[in-house]
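Heads up: numbering here begins at 1 and tracks the sequence. None of these values were measured; they are calculated from a predicted model.
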Amino acid sequence: MIERSHEDDVAYFIAFCIELYKNGHSKNGAETSALFEKYGIMKYLQDNFEVLHTQSPEWILDEINDLIEEEQK
């Protein structure tokens, strides 16, 4: 059996969030990754992994949308 580390779990979660956002906004992975980097979303997801990974995909997408909207102001 292959053991996963906490870092692996966080990386998988961030990849999941990128897929979730790109599919919800008809963007590609590169566009979504650039957007996440620009607005600090990847760091937010990493720093708050313990709470965020327990939420529904809909809630996570809403949270990401809200964060980006706030940063754009």
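Side-chain atoms of Asp9 do not come within 3.5 Å of backbone N or O of His6 as any donor-acceptor pair. Ser33 contributes no side-chain N or O that, together with a main-chain N or O of Ala30, makes up a donor-acceptor pair within less than 3.5 Å. A distance-only check finds a donor-acceptor pair linking the side chain of Glu31 to the backbone of Asn28 [under 3.5 Å]. Side-chain N or O atoms of His53 include one that pairs as donor or acceptor with a backbone N or O of Phe49 at under 3.5 Å.
Rounding to the nearest 0.5 Å gives a distance of 7.5 Å between CG of Leu52 and SG of Cys17. Annotation: the span from Asp8 atom CG to Phe13 atom CZ amounts to 15.0 Å, rounded to 0.5 Å. With values rounded to the nearest 0.5 angstrom, Tyr21 atom OH is found 7.0 Å from Thr32 atom OG1. Note that CG of Asp62 is 8.0 Å distant from CD of Glu58, once rounded to the nearest 0.5 Å. Annotation: the span from Ile60 atom CD1 to Asn48 atom CG amounts to 11.5 Å, rounded to 0.5 Å.
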Chi angles and distances behind the side chain to side chain contact (heavy atoms under 4.5 Å, CB included) call for Phe16, Leu45:
CA-CA 11 Å; Phe16 167 78; Leu45 295 172; over 6 Å; no

Derivation of the side chain to side chain contact (heavy atoms under 4.5 Å, CB included) call for Asn65 and His25
CA-CA 10 Å; Asn65 288 333; His25 291 277; 2.8 Å; yes

Would you please test Glu70 and Tyr39 for side chain to side chain contact (heavy atoms under 4.5 Å, CB included) and show each step?
CA-CA 9 Å; Glu70 279 300 310; Tyr39 293 113; over 6 Å; no

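If you look at Tyr44 and Phe36, their ring centroids are not closer than 6.0 Å.
Using a 4.5 Å cut-off between side-chain heavy atoms of Ile, Leu, Val, Met, Phe, Trp and Tyr, with links allowed through other members, Ile14 and Tyr12 fall into different hydrophobic clusters.
Side-chain contact between Leu35 and Ile41 is absent, with no heavy-atom pair separated by less than 4.5 Å. Counting only heavy atoms from C-beta outward, the side chains of Glu71 and Leu67 never approach each other to under 4.5 Å.
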